[in-house]
Amino acid sequence: MKRAEVSGIRVELPTTSPVLLLRIEGGVTHVPIWIGSPEASMIALFAEGVDSPRPLTHDLVLDVAGAAGRSLERVEITALRDDVYEASLVFDDGGRVDSRASDAVALAMRASVDILVADAIVDEVGVQVADEQEEEVEKFREFLDHVSAEDFEEPKE
């Protein structure tokens, strides 16, 4: 298995489906995982370090595990079958719980634990994105976030 980190969430056009991008550690390979909008929102919140005044569902799962004397050790994206990713939550006692990949990633982010992706998945769906290419894409997105239609109007004489 290979360690990965959340690289970001993008929106696939024209379907506007959110895509979670996991960057494989030490390289330029990314694993895309199509997820739902609510899951994308939750992962984005966790990526930004937003705290909720009340426990969110993912916090509840971690709190219940803690009350049972367990802690999340890591999450594993284990398989891809019929375009559906399978994942496991792995606890400190070796116990495993099946999970959707999006929930596993959200829990890993909230608990600050490793995300591991099976080699077979990386080999099957991994996409090479050069760092400089990604930096250019990010610069362009930042530009788009701060530009308006008025910026392109002809100056009035």
Side-chain angles (χ1 to χ4, degrees), residues 1-25 28-92 95-129 133-135 137-148:
M1 299 202 93
K2 294 185 175 20
R3 183 174 287 130
E5 65 182 8
V6 173
S7 175
I9 296 175
R10 305 290 184 258
V11 176
E12 180 189 51
L13 296 175
T15 64
T16 67
S17 298
V19 180
L20 170 64
L21 293 175
L22 298 178
R23 181 191 326 222
I24 302 304
E25 186 178 79
V28 296
T29 302
H30 289 70
V31 171
I33 301 176
W34 279 258
I35 61 177
S37 294
E39 293 81 6
S41 296
M42 193 64 61
I43 290 170
L45 281 175
F46 293 162
E48 294 173 15
V50 174
D51 284 323
S52 172
R54 299 288 302 142
L56 299 170
T57 303
H58 296 88
D59 298 320
L60 178 64
V61 169
L62 295 172
D63 290 346
V64 168
R70 295 286 154 249
S71 62
L72 186 62
E73 185 175 284
R74 67 181 179 277
V75 302
E76 298 176 352
I77 312 296
T78 56
L80 176 59
R81 297 186 213 302
D82 300 322
D83 296 327
V84 176
Y85 288 88
E86 297 176 8
S88 292
L89 310 177
V90 182
F91 291 89
D92 58 343
R96 300 174 76 87
V97 175
D98 288 339
S99 173
R100 296 185 308 178
S102 57
D103 287 332
V105 168
L107 283 164
M109 293 179 72
R110 199 54 149 186
S112 299
V113 299
D114 287 341
I115 301 167
L116 301 177
V117 181
D119 294 340
I121 293 173
V122 176
D123 293 343
E124 182 178 344
V125 299
V127 178
Q128 305 295 311
V129 179
Q133 196 177 10
E134 187 168 298
E135 287 175 21
V137 169
E138 286 304 317
K139 286 180 191 174
F140 183 64
R141 281 197 176 96
E142 188 174 317
F143 166 76
L144 290 176
D145 287 342
H146 297 94
V147 72
S148 68

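Residue numbers start at 1 and run along the sequence shown.
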**Cationic N near anionic O, under 4.0 Å, E25 to K2** = no

**CA sep, side-chain torsions, deciding dist, call: V97, F91, side chain to side chain contact (heavy atoms under 4.5 Å, CB included)** = CA-CA 8 Å; V97 175; F91 291 89; 3.8 Å; yes

**Message:** If we ignore hydrogens and angles and just use 3.5 Å, is the side chain of D98 paired with the main-chain N or O of S88 as donor and acceptor?
**Reply:** no

**Request:** For T29 and V127, indicate whether the former's side chain and the latter's backbone hold a donor-acceptor pair under 3.5 Å.
**Result:** no

Just how far is it from atom [atom1] of [X] to atom [atom2] of [Y], taken to the nearest 0.5 Å?
{"X": "H58", "Y": "D63", "atom1": "NE2", "atom2": "CG", "value": "13.0 Å"}
{"X": "L62", "Y": "R70", "atom1": "CG", "atom2": "CZ", "value": "14.5 Å"}
{"X": "D59", "Y": "T57", "atom1": "CG", "atom2": "OG1", "value": "8.5 Å"}
{"X": "L107", "Y": "S99", "atom1": "CG", "atom2": "OG", "value": "6.5 Å"}
{"X": "I43", "Y": "S102", "atom1": "CD1", "atom2": "OG", "value": "5.5 Å"}
{"X": "L45", "Y": "M109", "atom1": "CG", "atom2": "CE", "value": "9.5 Å"}

Check [X] against [Y] and note the closest heavy-atom contact, atom names and distance.
{"X": "W34", "Y": "S17", "value": "CD1-CB, 4.0 Å"}
{"X": "P32", "Y": "V19", "value": "CB-CG1, 3.7 Å"}
{"X": "A101", "Y": "I77", "value": "CB-CD1, 3.9 Å"}
{"X": "D114", "Y": "A108", "value": "O-CB, 4.3 Å"}
{"X": "E39", "Y": "I35", "value": "C-CD1, 4.1 Å"}
{"X": "L72", "Y": "A111", "value": "CD2-CB, 4.2 Å"}

Any side-chain heavy atom of [X] within less than 4.5 Å of one from [Y]?
{"X": "L80", "Y": "E86", "answer": "no"}
{"X": "V6", "Y": "F46", "answer": "no"}
{"X": "M42", "Y": "L56", "answer": "yes"}

**Prompt:** Going through the checks in order, is the side chain to side chain contact (heavy atoms under 4.5 Å, CB included) test met by V105 and Y85?
**Reply:** CA-CA 12 Å; V105 168; Y85 288 88; over 6 Å; no

**Message:** Check this for me: D83, atom CG, are more than 12 non-hydrogen atoms of other residues, nucleotides or ligands nearer than 6.0 Å?
**Reply:** no

**Request:** Show your reasoning for whether side chain to side chain contact (heavy atoms under 4.5 Å, CB included) applies to V84 and R81.
**Result:** CA-CA 5 Å; V84 176; R81 297 186 213 302; 5.7 Å; no

**Item:** Those residues that, when tested against E76, pass salt bridge (charged side-chain N to carboxylate O under 4.0 Å, His left out) (two or more places apart)
**Value:** R74, R96

**I115 and L22: CA distance, side-chain angles, deciding distance, side chain to side chain contact (heavy atoms under 4.5 Å, CB included) verdict** = CA-CA 9 Å; I115 301 167; L22 298 178; 4.3 Å; yes

